[in-house]
Protein chains: 2
Amino acid sequence: MLTERQIQVLQVIIDEFIQTAQPIGSRAIAKKEDIPYSPATIRNEMADLEESGFIEKTHTSSGRVPSEKGYRFYVDHLMSPFRLSNQDMTTIHQTFEREMLEFERVVQKSARVLSDLTNYTSIILGPQVFETTLKQIQIISLTDYTAVAILVTSTGHVEHRHFNVPSTMQSSDLEKLVNILNDRLVGVPIIKLQQKLYGEVAQMLKRYSSDFETTYSFLKDALLEQQPVKLYMDGKTNIMLQPEFHDIHKIQSLYTIMEKEDEMAHLLRTSGKGIKVSIGQENQLDAMQDCSLITATYSLGEEQLGTIALLGPTRMEYSRVVTLLNVLSKRLTNTFDSWH
Amino acid sequence: MLTERQIQVLQVIIDEFIQTAQPIGSRAIAKKEDIPYSPATIRNEMADLEESGFIEKTHTSSGRVPSEKGYRFYVDHLMSPFRLSNQDMTTIHQTFEREMLEFERVVQKSARVLSDLTNYTSIILGPQVFETTLKQIQIISLTDYTAVAILVTSTGHVEHRHFNVPSTMQSSDLEKLVNILNDRLVGVPIIKLQQKLYGEVAQMLKRYSSDFETTYSFLKDALLEQQPVKLYMDGKTNIMLQPEFHDIHKIQSLYTIMEKEDEMAHLLRTSGKGIKVSIGQENQLDAMQDCSLITATYSLGEEQLGTIALLGPTRMEYSRVVTLLNVLSKRLTNTFDSWH
DNA sequence: TTTAGCACTCAAGATATTAGAGTGCTAACA
DNA sequence: TGTTAGCACTCTAATATCTTGAGTGCTAAA
């Protein structure tokens with residue numbers, strides 16, 4: 001186990017390295033106020049810390065750098081709760097203060113504020129609308145053979161899909177159809193739409209429609225098409241500000257992975273409830289082996305809605321970032337609760 | 001003026017440099033089939049070409065590199081029409097072939113195909129809907145004090161806005177309001193909405209509504225809010241593949257400018273009709289001084305709808321890119337015409 | 001247990017060396 | 001008069017060499 005003094009040294013190394021991105025030497029540590037020991041003593045402690053894998057050398061005669069195990073220890077045991085500056089707090093509050101109604105805007109602004117305050121890249125996974133219900137369906141025909149279906153959910157989310165209208169259908173048929181659908185489906189949770197459609201509505205339609213098969217299949221197209229979960233990112237260029245990403249190839253592989261929305265979405269979706277920290281190799285994706293990803297979930301009532309995350313170098317301001325994500329995820333949760 | 005032989009040399013230099021990104025020496029040029037002269041002769045011609053500013057040296061004893069003036073001459077006079085490979089053509093056709101209804105998808109796919117085929121970054125400015133008319137307005141109330149307005153245009157574009165409902169309004173009032181709006185505004189070109197709203201509809205409302213002022217102001221919010229022109233980009237990482245962009249700082253300033261949607265939109269919007277080529281310093285934006293931007297417009301009928309563009313290094317495959325943009329802008333124009 | 005002292009290591013910056021690609025110029029040639 | 005061979009010259013880029021300074025590990029003394 002680590003002695004009190006070793007922990008103290010480790011803390012200084014990590015804190016310092018997070019600030020400077022430079023290896024820390026024994027002399028520098030000894031100069032710190034809380035450290036009443038000589039460089040030689042520190043060197044002994046550092047040798048021990050290195051042996052147990054909490055710090056590393058970049059070469060034989062360099063100062064020490066935290067290892068991933070070191071960061072992990074820091075995050076799990078050492079991290080002191082961060083006190084956000086007043087300025088940061090007002091920035092956050094202002095984001096939510098202004099009259100804002102649309103879900104997407106709130107999320108977008110949150111992403112912006114996160115990346116602005118941290119200089120890392122923010123990623124927000126839009127809500128998976130489990131609890132939300134269908135508010136209304138509209139079908140508006142555009143030409144003789146095309147129309148657009150508009151779904152509005154109880155949270156005010158609007159989705160629209162274009163589809164081909166079967167040639168056997170008249171516009172009066174469409175109207176009747178919309179009535180049936182609204183009759184049967186309004187108030188139904190979005191995720192149960194499919195089930196309902198296969199069941200009740202299918203029954204209903206069979207009785208009513210002369211051409212059940214086509215009607216039914218186009219309905220499936222319009223209502224059930226896989227709705228992509230939306231991903232909001234901001235501050236992608238921030239990554240390039242970090243000295244550890246001055247290498248084009250690293251940047252490129254990172255950007256390439258970030259462009260793959262489904263992989264990113266999957267990553268955020270499978271992060272557990274609450275705040276999670278993935279350091280370096282702990283990340284699944286190869287391109288992120290030099291990064292840390294901190295995720296936090298926001299929710300509505302009991303239901304987990306989505307995830308907000310920050311992506312930066314393993315040398316991350318963990319305590320500040322965790323605090324920020326905490327504040328923001330709570331703020332988001334509150335906002336959505338207040339709509340309900 | 002340039003002699004026939006000088007033009008020949010210039011052509012080789014540009015063609016070669018576009019491929020290799022390396023300065024071209026007299027020996028390399030003399031080896032070309034079409035060139036029956038010795039390196040010494042070529043050197044004389046090169047000296048002349050340099051004097052007139054069409055080519056440059058990177059240092060005293062290096063081969064020559066095209067100058068921006070050289071590229072400009074190439075684009076204006078030398079460029080031979082490019083024959084797209086069958087593979088490229090089928091890739092393009094497949095993009096449009098599949099049953100596709102939604103405007104956004106078509107544009108997105110176009111952006112993807114452009115960046116895939118060129119390894120440059122594609123930028124498409126969504127349509128400015130001059131001619132399109134309002135198809136239908138829906139207002140759906142979400143809570144007692146919020147509602148969402150949905151506008152559908154004749155091209156099938158769907159916009160929605162959230163807004164606060166004045167507390168004096170009942171849901172029955174909303175319904176009546178929607179009826180009035182549809183009555184008066186359906187079929188009106190989108191750009192004339194504002195005018196109509198200020199005129200006729202205002203009259204109508206004054207007569208009908210007890211609380212004209214609030215109703216009117218919330219309508220303005222819902223209908224006239226500046227709708228952002230949408231910008232679709234693809235292949236942003238492609239820029240990093242180019243050897244001239246191995247410098248982080250260039251990349252960063254380029255990415256930063258690309259994130260400013262309004263500036264990019266303005267840039268594309270003010271590009272003239274047809275195909276335009278901006279080489280290096282000809283570009284307005286500082287961050288693009290090492291790039292070339294090729295733009296092409298697509299339209300519906302006489303009305304110019306939007307712009308598609310490719311952003312790459314000044315050392316660009318001009319002739320291929322121009323051909324591609326030509327094909328694609330025509331394809332887009334056709335597609336939209338067929339909807340009309 | 002702590003510390004001073006010292007030899008040792010390594011990265012990074014400065015400087016020198018070399019090889020090769022390419023030029024410009026001159027003089028000869030067709 | 002246009003073309004070319006030849007040669008001295010220039011500059012880059014790669015490689016090797018040297019120097020400095022930060023930092024370590026170990027030992028012996030306090």
Side-chain angles (χ1 to χ4, degrees), chain A residues 1-10 12-17 19-67 70 243-244 246-247, chain B residues 1-10 12-17 19-67 70 243-244 246-247:
Chain A
M1 223 22 315
L2 295 182
T3 68
E4 195 52 45
R5 194 163 66 187
Q6 283 167 356
I7 290 181
Q8 223 184 337
V9 170
L10 180 58
V12 171
I13 291 176
I14 293 183
D15 284 342
E16 207 67 10
F17 187 71
Q19 292 305 316
T20 63
Q22 298 294 324
I24 323 297
S26 54
R27 241 175 72 87
I29 298 175
K31 271 188 197 141
K32 285 267 148 189
E33 290 183 2
D34 316 348
I35 309 277
Y37 307 102
S38 77
T41 312
I42 305 296
R43 281 204 286 281
N44 289 330
E45 300 293 16
M46 284 163 99
D48 288 353
L49 278 171
E50 184 171 8
E51 209 167 328
S52 11
F54 292 98
I55 56 179
E56 295 168 346
K57 283 191 268 198
T58 59
H59 58 89
T60 343
S61 73
S62 75
R64 301 308 210 291
V65 155
S67 68
E244 38 268 90
H246 270 4
D247 172 27
Chain B
M1 230 13 325
L2 295 182
T3 68
E4 194 53 43
R5 194 164 65 188
Q6 282 166 358
I7 289 181
Q8 226 185 336
V9 171
L10 180 58
V12 171
I13 292 177
I14 293 182
D15 284 343
E16 207 67 9
F17 187 71
Q19 293 305 317
T20 63
Q22 296 296 325
I24 322 298
S26 53
R27 240 175 75 88
I29 297 175
K31 271 188 199 142
K32 285 267 146 188
E33 290 183 1
D34 316 348
I35 309 274
Y37 307 102
S38 76
T41 311
I42 305 294
R43 279 205 288 281
N44 288 329
E45 299 294 17
M46 285 164 97
D48 288 353
L49 279 171
E50 184 172 7
E51 209 168 327
S52 9
F54 291 97
I55 55 179
E56 296 167 347
K57 284 190 269 199
T58 60
H59 58 88
T60 344
S61 73
S62 75
R64 300 308 210 291
V65 155
S67 68
E244 38 269 88
H246 269 6
D247 172 27

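Here is how names work: the chains are called A, B, and so on, in the same order as the sequence lines, proteins then strands, and each is numbered from 1.
- Residue B:R64 holds its CZ atom at 11.5 Å from CD of B:E45, rounded to the nearest 0.5 Å.
- Residue B:T60 places no side-chain atom within donor-acceptor reach of the base of D:dT10, judged by atom type and a 3.5 Å distance cut-off alone.
- Panel note: side chain B:T20, backbone B:Q22; a donor-acceptor pair is recorded below 3.5 Å.
- When the nucleotides C:dC10, D:dT10, D:dT4 are ranked by their closest atom to the side chain of B:T41, D:dT4 comes out on top.
- Note: CD (A:Q6) to P (C:dT2) measures 11 Å, nearest angstrom.
- Judged by closest nucleotide on DNA chain D, B:S38 is the one of A:M46 and B:S38 placed further toward the 5' end.
- Across the protein-nucleic acid pair, B:K57 atom NZ and C:dA21 atom P stand 18 Å apart, rounded to whole Å.
- A heavy-atom distance below 4.5 Å is found between the side chains of A:P66 and A:I14.
- Between D:dG25 and A:S61, no contact under 4.0 Å exists linking OP1 or OP2 to a side-chain N or O.
- Note: CD (A:E56) to C1' (D:dG23) measures 17 Å, nearest angstrom.
- Both B:R43 and A:Y37 lie close to DNA chain C; mapped to their nearest nucleotides by heavy-atom distance, the more 5′-ward contact belongs to A:Y37.
- Residues B:V12 and B:D34 have side chains not in contact (no heavy-atom distance under 4.5 Å, counting atoms from C-beta outward).
- Rounding to whole angstrom units, CD1 of residue B:I42 and P of D:dT4 are separated by 8 Å.
- Proximity of A:R64 to the phosphate of D:dT24: a side-chain N or O atom is located under 4.0 Å from OP1 or OP2.
- The separation between B:H59 atom NE2 and C:dA21 atom C1' is 8 Å, rounded to whole Å.
- For B:S62, no side-chain nitrogen or oxygen approaches OP1 or OP2 of C:dT23 to under 4.0 Å.
- Using a 4.0 Å cut-off, no side-chain N or O of A:R27 falls inside it from OP1 or OP2 of D:dG21.
- B:N44 has its CG atom 14 Å from the C1' atom of C:dG22, to the nearest Å.
- Proximity note for A:E50 (side chain, C-beta onward) versus C:dT23, D:dG25, D:dA5: the nearest is D:dG25.
- What separates CD1 of A:I24 from C1' of D:dA22 is a distance of 13 Å, to the nearest Å.
- The distance from atom CD1 of B:I35 to atom C1' of D:dT3 is 15 Å, rounded to the nearest whole Å.
- As judged by a 4.0 angstrom heavy-atom cut-off over every strand, B:S26 is placed among residues touching the sugar-phosphate backbone only.
- Distance OG1/A:T41 to CZ/A:R43: 8.5 Å, rounded to 0.5 Å.
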